[in-house]
Each structure stands twice: as structure tokens, then as C-alpha cells.
Number of protein chains: 2
Amino acid sequence: MAVAAKDLHGTLDALILKTLSWGPRHGYAIARWLEDTSADELVIEEGSLYPALYRMERKGWIEAEWGESELGRKAKLYRLTTVGRKQLRAETEEWARFAGAVSRILLPA
Amino acid sequence: MAVAAKDLHGTLDALILKTLSWGPRHGYAIARWLEDTSADELVIEEGSLYPALYRMERKGWIEAEWGESELGRKAKLYRLTTVGRKQLRAETEEWARFAGAVSRILLPA
DNA sequence: GGTGCTTACCTAGTTAGACTAGGTGTATGC
DNA sequence: GCATACACCTAGTCTAACTAGGTAAGCACC
């Protein structure tokens, strides 16, 4: 059984932005999608998720609106802004460079 | 020009352990080696490095001994312990899983 | 001999992100 | 009636890395 990463090490924002790049989603669904897509290798704690969403909303990367989930429940739907899309590109690039550099040192060629 | 990563996001310990796996080195040389090897994509701040070395010494991953640098200066030489070597394997594996999961989500296939 | 650069180490205090550990309320299934 | 899943929220803590300093020795240079 895959032991999940304990710490998202600064990648949470990028992961959320990427999730929303596929279309608007509510918080709970973002967490579920990331966990499913990573085969539970990433675990998104709610105590990390919701503060991150506020942070990103304040920064203008995402916008929220109350609506309904697929199951008909009250849910806060988030979607990417133009600034957020730009931010996603920047963070993706930064991740590629960082992860590449670390991997070249840590992992066998 | 490569803009260096601002934050090592929890990889510093693994990077130090890996550096020492090639043989004993003093703190300053560890930083130089990592920066050179990553073509300056990783920057090791001294305010991060020395506290990390203490942390790792306390945990028994590395051992220190005063000696001389290649240039004949007083320097504290660190080397991996058996526990540290085991820790390096664990952290490398953890990094591979984590970076893989994040990359599969963020980066285009 | 003074000035500046590099080597080498160290530390106090701050920041930021994710965490733990709780809480609310609604709906569904048994 | 009770447990579980859905969906959101928050206070407080932890940790790693950061900024921004400092010490000291050796070297080159004029």
C-alpha cells in the first residue's frame, strides 16, 4: 500500500490551479480529484486545502461562487482567473526546473 | 539565465545526504558541490545549511569531526553514518514517488 | 599596511506552508 | 436511530527554510 506523502512541500497551489484548469470545481471535489488522480499518493488535508483556497482567492488566482455540487448540495465553486492561468504556467515551469535539478542529483541516471 | 529555486521544499536533507554519499565533505563544500552540480539551479543558503547539518547530526545521520579543507583551512568534516545511508535510501524513494505523482499531474505527458 | 575577496562557520529571529484536531450542518443508507 | 459521506471552516502548532546579520583566517593587490 502506497504510503502517502506527508507534506506537499509547496506544491499545493500548483496542484489546485492545475485541477481547476480542467474546469470549475468545489473544494471537496478538488481534493478528491487530486487523490484519485495520484492513486492516493498525494493526500490533500482539508486543513491545508481550505486555507490555500482563501490565499489564492486573495491573490486573485481563483474566484469563488456559491452553487451546487453534482450531488445537489451547497458548494463553493472555484474557477481559474486569467491571472491564475498565468500563475499556473509559472509554477509548472518552476516545478519542472526544480524537480529536474533535484532528480538529477538524487536519482540514478 | 536560470533563476534559482527560492525554496528547497524539504529536499535539503536528502541533497546533503546524497552529497556525503560520495565521501566526507565540510559544510561549505557541500553547498558548493550542490550548486555546481545543479548548474546553480539550486542555491543552498548558509542559514539553511548549517542548521540542517546540526539537525542531521542530532538524528545520527551524519558525524562531524574538525579537520582541514583542501585549502588547508580549519573545517568541520561530515560523513554519513550507517543510519544516514539508510535514511538516504528512504528519502530518495520518497522523493521519487512524490515527484512522480506531482509531475504526472502537472506536466504534460 | 590597508582594502577587498574568498573561504568557512555560526546564530537570532521571521516567515510561510502544511499540519493536527477539532468544529458545523445536510443527506443517505442500513 | 446511527453511521457514513459530503461539504465547509478554523485555531493553534510545527518545521523548514529564509533573511540578515556576525566571526575569523588567508590571499592578492597596490
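The sequence lines fix the lettering, A, B, ..., with proteins before strands; numbering per chain opens at 1. Since we're looking at a predicted model, the values are computed, not measured.
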**Prompt:** Tell me: CZ of B:R55 to C1' of D:dC18, nearest whole Å?
**Reply:** 12 Å
Under 3.5 Å donor-acceptor pairs involving side-chain atoms of residues 43-68 of chain B, not counting sequence neighbours:
from, atom 1, to, atom 2, distance (Å)
B:R55, NH2, B:D13, OD1, 3.2
B:E63, OE1, B:R79, NH1, 2.3

**Asked** Taking CG from B:D36 and P from C:dT7, how many angstroms apart are they, rounded to a whole number?
**Response** 10 Å
**Message:** The criterion is side chain to side chain donor-acceptor pair (under 3.5 Å); which residues satisfy it with B:S38, sequence neighbours excluded?
**Reply:** none
**Asked** Is the backbone N or O of A:L34 less than 3.5 Å from a side-chain atom of A:T37, with the two atoms forming a donor-acceptor pair by type?
**Response** no
**Prompt:** Base, backbone or nothing for each nucleotide of nucleotides 3-12 of chain D, written B, S, -, heavy atoms under 4.0 angstrom, 5' to 3'?
**Reply:** --BBBBBB--
**N-O pairing of A:K18 and A:E91 below 4.0 Å** = no
**Asked** To the nearest Å, how far apart are A:R58 CZ and C:dG17 C1'?
**Response** 12 Å
**Item:** Atom-pair distance (CD1 on A:I16; C1' on C:dG17), nearest Å
**Value:** 12 Å
**Item:** Nearest-Å distance for atom pair CG/C1', residues B:L53 and C:dC9
**Value:** 10 Å
**Request:** Fit a plane to each ring of A:F98 and B:W95, take the angle between them on a 0 to 90° scale, and name the class: parallel (under 30°), tilted (30 to 60°) or perpendicular (over 60°).
**Result:** perpendicular
**Request:** Report the distance from atom CD1 of B:I30 to atom C1' of C:dC9, rounded to the nearest whole Å.
**Result:** 12 Å
**Message:** Using the rule side-chain hydrogen bond (donor to acceptor under 3.5 Å, both in side chains), only one of A:E70, A:K76, A:K74 pairs with A:H26; which is it?
**Reply:** A:E70
**Message:** What is the distance, to the nearest angstrom, from the CG atom on B:L42 to the C1' atom on D:dA16?
**Reply:** 16 Å
**Request:** Quickly work out the B:L34 CG to D:dA17 C1' distance and round it to whole Å.
**Result:** 15 Å
